[in-house]
Structure formats: structure tokens, C-alpha cells
There are 2 protein chains.
Amino acid sequence: MQLSNSSQYAIRILAYMADQKDSRLMNATELAETLSIPYKFLTKIMTELVKAGLVVSIRGREGGYKFKKKTSEIMVSDILDIFNDSVKDEQCVLGIGFCNGMCKCALHDQWMEPKHLLQKMFRESSLEDIAGEGCKI
Amino acid sequence: MQLSNSSQYAIRILAYMADQKDSRLMNATELAETLSIPYKFLTKIMTELVKAGLVVSIRGREGGYKFKKKTSEIMVSDILDIFNDSVKDEQCVLGIGFCNGMCKCALHDQWMEPKHLLQKMFRESSLEDIAGEGCKI
DNA sequence: TACAATTACTACTTAAAGGTAGAATTAAAA
DNA sequence: TTTTAATTCTACCTTTAAGTAGTAATTGTA
């Protein structure tokens with residue numbers, strides 16, 4: 001019961017970027033070293049974040065990554081969506097699509113409250129909110 | 001963010017077994033067909049449940065599986081433990097072992113409440129509790 | 001223009017989860 | 001004692017996640 005490595009890395013990367021005061025360009029080498037994430041895996045993740053429209057990349061010398069949207073407009077759930085890792089409304093403990101109107105799984109009722117809290121945490125935490133919170137490295 | 005297939009199957013199997021009034025022997029063919037779980041995969045899971053001491057198996061003709069412990073003494077978390085899928089105290093959203101006294105991750109505080117609810121759900125739901133609840137097939 | 005520093009792309013490898021096949025073992029029943 | 005219905009074991013196959021390698025494309029700077 002946990003997030004994929006990709007999701008965890010992506011949140012850590014973006015939260016670290018959000019920590020930086022000016023919206024300066026940050027390059028993959030610096031991010032990989034600072035956050036102890038394998039360089040090649042990090043660039044793969046960054047490319048997905050670019051495709052998803054969360055960050056933009058500047059190629060070539062002096063290039064790097066910066067946010068495309070305001071950090072207040074990027075929710076943790078947006079990041080999880082990219083890696084198919086968010087908590088869906090129709091998702092139950094015993095499988096997505098298993099529970100429905102007719103048939104509720106044995107843990108259906110117990111699951112409601114933690115599910116809603118998880119969704120709340122992911123959907124209502126923006127990168128701006130968590131910038132400055134905790135340590136990122 | 002979801003349980004492994006093995007954990008989901010195992011919970012469904014044991015919850016279904018707990019539904020049966022007398023503690024009659026249930027065989028793999030019946031369980032697999034009733035619960036729509038691949039037969040060979042189900043037997044693999046059952047063998048793990050036997051090794052973990054949750055159920056006993058009777059081999060040979062007229063054999064099958066039955067509970068070793070009382071259903072009131074088997075918690076959902078016991079099942080998740082077998083498949084390394086339970087929510088550990090030290091587990092945070094951004095990785096097991098990442099957060100500690102010195103360094104709390106950016107989502108550490110937000111994670112506390114959903115984590116405790118998840119743990120509560122898994123640790124305080126016994127098979128007896130969920131027997132009869134919801135539909136299992 | 002040449003160079004160096006950067007991201008992007010394609011393809012591969014490794015590890016783990018999920019699932020399958022077949023034969024061995026067991027034990028009740030005929 | 002033979003047959004039959006059951007679990008168990010070993011080994012394999014498939015899919016997905018995780019991670020790596022090499023090269024192409026891009027672009028600022030000297």
C-alpha cells in the first residue's frame with residue numbers, strides 16, 4: 001500500500017523546485033545529485049512532467065526545467081495522475097470496479113473515511129502549500 | 001495507491017470462507033470458481049496462507065482448507081503482512097524510512113491522519129467482523 | 001563556426017508481480 | 001489395492017515497474 005517510486009520521486013523533485021525562491025532554471029544533474037535520484041531515471045520522469053504540462057524544459061546550454069504553471073495551481077493529485085497512482089472515487093480496497101450499487105465489498109464502509117482523507121490530502125495540497133515544509137533531500 | 005492483487009484476492013477468499021456458517025472444508029476449485037480467481041494463482045495464495053498459519057489444508061480426496069485460528073482472531077492486517085502490503089508505522093508517503101526525527105517529508109503532517117485511519121481499518125477489522133458484510137463474489 | 005552543456009529519444013536490462021503448467025504427494029472411497 | 005480428488009512443489013512464462021546506456025537534437029557562449 002504505497003505510491004510508486006516514480007510518483008514519490010516526482011513529488012520530491014517538484015517540491016524541491018517549489019522551494020527555490022526565484023523561479024530559476026534547474027538542471028537534471030543538480031536535481032539528481034541533490035535529491036539522490038538516479039540521473040537517467042530522473043530525466044525520464046522530467047520528460048513525463050514536461051509532456052503532462054507541469055513544467056517546461058529549455059534545451060541546450062544553460063537549459064533546465066522550470067514550472068509551466070503557478071505552484072499554487074499544481075496539486076499533488078495532478079502529479080499522481082501522471083503515473084496512474086491517484087485514489088479514484090470508484091476505487092475500493094478490494095479492487096477498482098469491484099464495488100458498485102449492487103455489490104459492496106466487505107471493507108467498503110470502513111474504506112470510505114480513509115479514502116476521502118487520502119483524496120483530500122492529495123487534491124488539496126498544492127506545491128505552494130508544501131514548499132518550505134519539511135526537508136526535501 | 002492500492003493493495004497488491006494477492007492481498008485483494010486473499011482478503012476476498014478468507015472473507016468468503018468466514019461467511020460459511022459451519023467451518024466446513026472448502027476446496028480450491030470451488031473457491032476459484034465462486035470468486036473468479038485463476039485456479040492456479042489461488043492455490044499459490046492458499047499455500048502461503050497455510051504457511052503463515054491462518055488456515056490449515058487437508059490433502060487428498062475430500063480435502064480442502066479451513067481456518068486454523070478463530071475468525072475473530074484474524075485481522076485484515078495479518079493478511080496484508082503476508083504479502084508485505086500493510087501500512088507500517090514508519091512508512092511515509094514519500095517512502096519508507098525517508099522521514100525521521102531530523103527530516104520530515106513535505107507531506108508528513110498531512111499523511112498522519114489518513115495513515116492512522118488506514119492502520120485502524122486494517123488492524124481492527126477481523127474476519128468475523130466482515131463476515132456477512134457486503135458481497136464477496 | 002566550433003564547442004560544451006543541456007534535454008529528448010530509442011532501446012535495452014533487471015527485478016518484481018502476476019499468472020500458468022505439469023508432475024508429485026496425499027488420503028478417502030470404491 | 002486401485003482409483004480419484006484433492007493439495008503441494010518446482011519450474012516456467014508474461015507483464016509491468018524500475019533503472020541504464022547511448023545517441024540525437026538543441027542552444028548559449030567563446
Side-chain angles (χ1 to χ4, degrees), chain A residues 1-14 17 24-68 79-86 94-96, chain B residues 1-13 17 24-68 79-80 82-86 94-96:
Chain A
M1 192 73 166
Q2 59 181 336
L3 298 176
S4 64
N5 281 10
S6 295
S7 288
Q8 294 185 19
Y9 284 155
I11 295 171
R12 288 182 52 217
I13 294 164
L14 295 175
M17 286 176 62
R24 70 187 176 89
L25 240 45
M26 312 204 60
N27 66 55
T29 305
E30 176 189 355
L31 290 171
E33 286 177 357
T34 307
L35 300 171
S36 305
I37 300 173
Y39 173 81
K40 282 289 194 177
F41 196 34
L42 180 133
T43 60
K44 194 180 202 175
I45 289 169
M46 292 312 291
T47 301
E48 296 188 72
L49 298 180
V50 169
K51 283 182 180 157
L54 267 50
V55 302
V56 291
S57 61
I58 314 291
R59 293 170 68 153
R61 191 163 171 169
E62 304 290 294
Y65 303 97
K66 66 179 179 185
F67 286 110
K68 181 171 188 180
I79 304 169
L80 300 187
D81 282 336
I82 298 169
F83 303 99
N84 228 332
D85 230 353
S86 58
L94 302 187
I96 292 180
Chain B
M1 190 73 166
Q2 58 181 340
L3 298 177
S4 65
N5 282 10
S6 295
S7 288
Q8 294 185 19
Y9 285 153
I11 295 171
R12 288 181 52 217
I13 294 163
M17 286 177 62
R24 70 188 177 89
L25 240 46
M26 313 205 57
N27 67 54
T29 305
E30 176 189 355
L31 290 171
E33 287 176 356
T34 307
L35 300 172
S36 305
I37 298 173
Y39 173 80
K40 283 290 194 175
F41 196 33
L42 180 133
T43 59
K44 194 181 202 172
I45 290 169
M46 293 311 292
T47 302
E48 296 188 73
L49 298 179
V50 169
K51 284 182 180 158
L54 268 49
V55 302
V56 291
S57 61
I58 314 291
R59 295 170 69 152
R61 192 165 172 166
E62 305 287 293
Y65 303 96
K66 66 179 179 184
F67 286 109
K68 181 169 189 181
I79 305 169
L80 299 188
I82 298 169
F83 304 97
N84 227 333
D85 229 355
S86 58
L94 302 187
I96 293 179

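We name chains A, B, ... by the order of the sequence lines, and we start the count at 1 in each one.
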What is the per-nucleotide protein-contact pattern of nucleotides 16-30 of chain C, from the 5' end, where B denotes a base atom under 4.0 Å from a protein heavy atom, S denotes such proximity for sugar-phosphate atoms only, and - denotes neither? --SBBBB--BBBBS-

Rounded to whole angstroms, how far apart are [atom1] on [X] and [atom2] on [N]?
X       : N      : atom1 : atom2 : value
A/Met46 : D/dT20 : CE    : P     : 18 Å
B/Ile45 : D/dT8  : CD1   : P     : 13 Å
A/Leu42 : D/dA21 : CG    : P     : 16 Å
A/Gln8  : D/dA17 : CD    : P     : 15 Å
B/Met26 : D/dA5  : CE    : P     : 19 Å
B/Leu49 : D/dT8  : CG    : P     : 10 Å
A/Glu48 : D/dG19 : CD    : P     : 13 Å
A/Lys66 : C/dT6  : NZ    : P     : 16 Å

Would you confirm whether A/Thr34, through its side chain, and A/Leu31, through its main-chain N or O, come within 3.5 Å as a donor-acceptor pair? no

Would a distance-only check, ignoring hydrogens and angles, find a side-chain to backbone donor-acceptor pair under 3.5 Å from B/Asp85 to B/Leu3? no

Quick one, A/Leu54 and A/Phe67 - any side-chain contact, counting heavy atoms below 4.5 Å?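 With C-beta onward as the side chain, the pair stays apart.
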
Would you say that A/Tyr65 contacts A/Ile58 through its side chain, given a criterion of any heavy-atom pair below 4.5 Å between the two side chains? no

Do you know the tightest heavy-atom contact between B/Ala10 and B/Ile45?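 Reported closest heavy-atom pair: CB-CG2, 4.1 Å.
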
Listing request: all salt bridge (Lys or Arg N to Asp or Glu O under 4.0 Å) pairs with a residue in residues 1-14 of chain A, at least two apart in sequence or in separate chains. none

Any B/Thr47 side-chain nitrogen or oxygen under 4.0 Å from OP1 or OP2 of D/dT8: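 Result: yes.
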
Any side-chain N or O of A/Ser57 less than 4.0 Å from the OP1 or OP2 oxygen of C/dA8?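 Answer yes for this pair, as a side-chain N or O of A/Ser57 is under 4.0 Å from OP1 or OP2.
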
